[in-house]
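Accompanying notes for the structure given below.
Quick note on labels: first sequence line is chain A, next is B, and so on, each numbered from 1.
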Number of protein chains: 2
Amino acid sequence: MDYRYGGSRRGVTAVTAEDVPASERILHAAIGLYGEHGFDGVTLKQIAEQAGVSTPLILHHFGSKAGLRVACDRHVAEEFQRTKTESVRQATPIPRNRFVELMQQNRHLVKYLLRAFLAGGPEMDELFDRLVEDSLRYMAEAEAIGLMYPSRNRRDRAVILLLSSFGMLLLHEQVRRQFGASIIDDPPENLLPYVAALIELYTQPVFNAELYEQLMNQATPPSTSAEERGTHD
Amino acid sequence: MDYRYGGSRRGVTAVTAEDVPASERILHAAIGLYGEHGFDGVTLKQIAEQAGVSTPLILHHFGSKAGLRVACDRHVAEEFQRTKTESVRQATPIPRNRFVELMQQNRHLVKYLLRAFLAGGPEMDELFDRLVEDSLRYMAEAEAIGLMYPSRNRRDRAVILLLSSFGMLLLHEQVRRQFGASIIDDPPENLLPYVAALIELYTQPVFNAELYEQLMNQATPPSTSAEERGTHD
DNA sequence: CGAGCCACTGAACGCCCGTTCAGCCCTCGA
DNA sequence: TCGAGGGCTGAACGGGCGTTCAGTGGCTCG
C-alpha cells in the first residue's frame, strides 16, 4: 500500500527518505484511493495517511477536498494523454495485446477514470470526447487495411464500442465472477474465455438481420412512429 | 414523482387516499433516493423526509442503515423477479420494444439495480446469475426460430451481452451526451440513432475475423515484441 | 378500567468529517 | 545576523451523520 518510489530526483537534500514532493504523493495517494473505493468512500485522513503527511497539508496544497478532486481529474487526464501519445509514438498501428498490457500497467489510472466517467464532470466529458476522436482515427486505419468493416455511422459505432468496453470494465467484478479472472488485475492468459467471447461478438453477427427487421416491422406498437425504414438507399 | 403520500400533516384525519404502511414508504423512498444519488450520497434524514416519517422510525423498522440497505436489495430483487415473471406470463416470445417500455416504467428499480451491481454483494450476485439463466432461456428460443445465431459458448455470450447492456446503462449519462437522448429517461423514438448503432453492432460483424486472427497469430510473441512492420507474409 | 404492546417521535449523544488556526522548522536573501 | 516566507503540523471547532433514549398516543385484550 505504499506509494513510495525512490527514483525521482528532485530536492537534492537528503532530509527525507522519499524525495518525491508531498503534493505529488498526495495526488498519487488520492487517485489510488479514489479509484479503489470511490469518491464518497475516502476521507482526507486516509489520503493523508497513505501519502505520509498530515491532513491539513492537503488543504494547504489544494485548498479544499473539492480542489483535490479537480486536481486529480486534471492530473489523470494529463497522464492519460501523455501515456497515450507516448505509446502511439513508439507503437505499430494498433497492437491489441499491447493495449491490454498498457491498461493493466496503469490500472490505478484506469480505475480512477472509470469512477470519474461515472461521476461525470467537464474534465471527464472532454476526455471522453477526445477518446472518441482517437478511436475514430484508429478505426479508420483498421478500416483502411480491411481489419474493420465500414459502418453506416462511424462515430456512433465508435461511441458504442467505447461505451461497451468501459461498461465492461466498470462491471469487472461481475466479469471476474463469471469468467474467473479480472480484466484489470489478472494476466491476459487467464482471460482467454472472456476474450474469446468478446472476439466472437465482434467478428460474428449475433442476430439475423433480416429476420430481426421483419419481426420489428410486423410488431410496431406505437401508432404514429411506425415509420418504415427506407433509410438504406 | 415524489413519494410523499398523504398530507404534510400526519395524524390528521385521512388526508391520504391510500394508506400505505410506513415501512413500505420508507423502502420506496430509500430505493428511489439510492438509485438517484448512490448509496453514499443519501442520508437517513433525506429518506425519512421523503417518506414523511421521522428518522428513528427507519431504525425502528430496519435496525440500522445497513439493515435498510439489505432490505432494499431484497425488495428490489423480489420486485424485479415479480415484474419479470408477470411480463413473461402475458407476453409473446420476446418483444424488444416492450422490454424497453417495461424498463422505463420501472426506472427506479433499474437505477437502483445498476448502483447495486456496481457495489456488489451477495443479493445482487445471485440476481445477476438468475438474469444470466433467464437470458440463456430467451436466447435459446431466439436461436430456435433463427433470430439468433448459434454461439461457440452460449453462456459466455449471454454474459457478455448482459454486461454490455448493463454497462451501457451505467454510462447512460455519456450516452445522453453523445446521442442526445437518455436511455433511461427519454422516450424510445428519441433513441433511434443509438438503437441503430446497437442493431448494427449485433447484426453485422465489426472485425474481419480471418484478418484479425491472422494479425493475432503473427504478433503473438510476448517478449520479442520489437517487430518491424513487415505485415505482408 | 388498567396493562401491555406497537408504531412512532423529539431530543440528545458520540463520532468523525472537512476545515481553521496558531505556531514550528528550515531555507534563503539582505 | 536577522527577518520573511513557505512547507508542514497538532489541536481544536462546527456541523452532520447514524444511533440511542425516554417517552407519547392509540390499540387490543383480560
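- Note: CD1 (B:I26) to P (C:dA7) measures 11 Å, nearest angstrom.
- At whole-Å resolution of the value, NE2 in A:H37 and C1' in C:dC17 are 18 Å apart.
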Which letter, B, S or -, goes with each nucleotide of nucleotides 4-23 of chain D from 5' to 3', with contact meaning a protein heavy atom under 4.0 Å? ---BBBBB-----SSBB---
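- Remark: B:K111 engages B:E36 in a side-chain hydrogen bond (donor to acceptor under 3.5 Å, both in side chains) (not counting sequence neighbours).
- Using modelled atom types, one finds a donor on one side chain and an acceptor on the other under 3.5 Å when comparing A:Q81 with A:R130.
- Between A:F128 and A:F166, the ring planes are tilted. Angles from 30° to 60° get that label.
- Taking atom CZ on A:F62 and atom C1' on C:dG18, their separation rounds to 16 Å, with Å as the unit.
- For the pair B:Q104 (side chain) and B:D186 (backbone), a donor-acceptor distance under 3.5 Å is present.
- Comment: A:R177 engages B:D129 in a salt bridge, judged by a side-chain N to carboxylate O separation of less than 4.0 angstrom.
- Remark: the A:E79 side chain and the A:N106 side chain contain no N/O donor-acceptor pair separated by less than 3.5 Å.
- Using cut-offs of 30° and 60° for the angle between ring planes, the B:Y112 and B:Y34 rings count as tilted.
- Rounded to 10 degrees, the angle separating the terminal helix axes of the helix from C:dC1-D:dG30 to C:dA30-D:dT1, each built from five base pairs, is 20°.
- Two rings, from A:H28 and A:H75, have their centers 6.0 Å or more apart.
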